[in-house]
Amino acid sequence: MTLEDRAARLSKPDLIRLLSAIYGVETHVDDIIDRYLAAGEGPGSEATALAETLSAQLQQIADEDEFYGYRGSYDFSERLSSILSAIDNLLRPQDPQAALKLTETFLDLADEAFQRVDDSDGYVGGIFRDATRQWLAIAVELRHQQPNAENWPQKVRTFFDNNDYGVLDDIITNSTPLLTEQELRGLAAHFEGNAKAALASPKEPGRYNFEAAHACIGIKSVAEALQDMALYEQATLLTSPQPNTLQLASIVEFALAIGDLGRAGYWLEQPQWQGDESRYRALRHLWLKRKGDTELLKSELWDDFTQRPHRYTLEPLWLMASDSEKLQLQQQVENLSSDDVDSEERVAMLLLVGSLERAEAALLEQPDHFASVHYGTLLNWVKVFAEEHLPLAQVVCYRALLSDLLERGYTRAYRHGAGYFHKLLALDKAIDDYLGLADAQAFIRSLQARHWRKRSFWELADYPNKPPKD
């Protein structure tokens, strides 16, 4: 039986007693109760009472001076989200105009909120981006009802210009349901005038020209809304007639996103790319893929891998290769030595092409070289080796994981380390020949000699921290 079903069985006096028992226990819950009580007041007064309640709750947040640290940021975001949802779900159906005004009031809280919260995880920022989308949705609804009730382009521009914390970055980009193409182009012309004026008379010559940069971001936002390639290019070229490779990449990515392959190709031909070959190759390959030129793409991917053998040059080629080409690639990878690529890359590529026994052999060649490999990578490897019943490869991976963990003295992970230790003990029972690796007891003795002081680990492993005396 659901909560709704159980509540429906209660009488009105029982529900009143329930609310009375809850009210006053938690401020956030009290606010929710107040909203629903206000929404349920007598005919004709629901919207007014609810709007006043929501307005008071927003003002209460604005008046507070409490700082929310990292651990409290989520609860603060949930409190904000609850109010924003009430504006949309309770007030908007009754009075869209009041809902729009209160959403604007909510957005005006951004500066105050971000000064009082550690939003490292982005919870609060996400709520204000939700509020931006909510404002646009309500504005579209109202404009259909009263086309000339507001100066909508001016409102959007005001939000864009007052956006110190970046939560309204997409308001122009997402405003096509609200603004006409003519209005958006009017915004672009406004920003262009501002950019040219700022460039002609900078406030601080020789310093970063914020005014020009902000105006060009405005032009770029309009370009994104209209999917206008020329406008997007203008937004970059006004301040950077010779774009750097990061700016070129942004232009090419936009061209690819809107399907303008011709302009993407033009910007890929610029000489600046000579200083950023890696970024250039990635974008060129994406461009060739969008063009459908698979043969040229495959040829270039093969050249890339031959010149720079690496899992990142191998993987896209492997995905495109035919069965016969995969056999050729597999042979090429197997022929790589530790002189050609580092140990981690070699193992990763051998796993990618399915040469698992060769990967195990590569691990056994240099078993001490893998302690610096990221633990997530090692855990992925050991899973593959376990599926293929390659115990020595698993031993190298688990020893690397355990050695790194103990060397760093990472006490919070000692429980995982104890698990690796027991995996090694279990694997030892299935291994007759360690093929040059120290056997299990020799490895354990080396751990004891080096890490015997880490008693909490040995306790978790349920194993003595020192070898027995002879």
A.B. asks: Validate the cation-pi geometry between Lys291 and Trp287: distance from NZ or CZ to the six-membered ring centre under 6.0 Å, angle to the ring axis within 45°.
C.D. replies: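 Ring-cation test returns yes.
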A.B. asks: Restricting to non-hydrogen atoms, name the atom on Phe457 and the atom on Leu406 that form the minimum distance, rounded to 0.1 Å.
C.D. replies: CG-CD2, 3.8 Å
A.B. asks: So, taking the atom named OH in Tyr232 and the one named OG in Ser221, what distance separates them when rounded to the nearest 0.5 Å?
C.D. replies: 9.0 Å
A.B. asks: May I ask you to check whether Phe160 and Phe191 place their ring centres under 6.0 Å from each other?
C.D. replies: yes
A.B. asks: So which pairs with a foot in residues 165-182 pass salt bridge (charged side-chain N to carboxylate O under 4.0 Å, His left out), sequence neighbours left out?
C.D. replies: Glu181-Arg185
A.B. asks: On a heavy-atom basis, which atom in Leu350 and which in Ala362 lie closest, and how many Å separate them?
C.D. replies: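 Minimum heavy-atom contact is CD1-CB, 4.1 Å.
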A.B. asks: Under 4.5 Å between any side-chain heavy atoms of Val124 and Tyr68, yes or no?
C.D. replies: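 Sidechains of Tyr68 and Val124: no contact.
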A.B. asks: Kindly determine whether Phe106 and Trp135 satisfy ring-ring contact (aromatic ring centres under 6.0 Å, His included), including the steps that lead there.
C.D. replies: CA-CA 10 Å; Phe106 187 99; Trp135 183 88; over 10 Å; no
A.B. asks: Is the number of heavy atoms from other residues, nucleotides or ligands within 6.0 Å of CD (Gln274) greater than 12?
C.D. replies: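 No - once you tally the heavy atoms of other residues, nucleotides and ligands closer than 6.0 Å, there are 12 at most.
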A.B. asks: Does the distance from a Lys or Arg side-chain N to an Asp or Glu carboxylate O, for Glu295 and Lys289, drop under 4.0 Å?
C.D. replies: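 Between Lys289 and Glu295 there is no salt bridge, as every charged N stays at least 4.0 Å from the carboxylate O atoms.
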A.B. asks: Crowded around Lys423 NZ? As in, over 12 foreign heavy atoms under 6.0 Å?
C.D. replies: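 Counting neighbours around NZ of Lys423, 12 or fewer heavy atoms of other residues, nucleotides or ligands fall under 6.0 Å, so no.
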A.B. asks: More than 12 heavy atoms of other residues, nucleotides or ligands under 6.0 Å from CZ of Arg415: is that the case?
C.D. replies: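 Not buried by this count: 12 neighbours or fewer within 6.0 Å.
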A.B. asks: Verify the ring-centre separation between Phe128 and Tyr165: is it less than 6.0 angstrom?
C.D. replies: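 For Tyr165 and Phe128, the ring centres are not under 6.0 Å apart.
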A.B. asks: For Ala188 and Ile219, work out which heavy atoms get closest and say how close.
C.D. replies: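 Taking every non-hydrogen atom into account, O-CG1, 4.0 Å.
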A.B. asks: Identify the heavy atoms of Ser250 and Lys220 that sit nearest to each other, and give their distance.
C.D. replies: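 Where Ser250 meets Lys220 most closely, the heavy atoms are OG-NZ, 4.3 Å.
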A.B. asks: Taking side chain as C-beta onward, heavy atoms only, is Leu317 less than 4.5 Å from Trp302?
C.D. replies: yes
A.B. asks: Does Arg263 count as lying over the ring of Tyr266, i.e. NZ or CZ under 6.0 Å from the six-ring centre, within 45 degrees of the axis?
C.D. replies: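 Flagged: Arg263 positioned over aromatic ring of Tyr266.
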A.B. asks: Mind listing the closest non-hydrogen atom pair of Met320 and Glu325 along with its distance?
C.D. replies: O-OE1, 4.3 Å
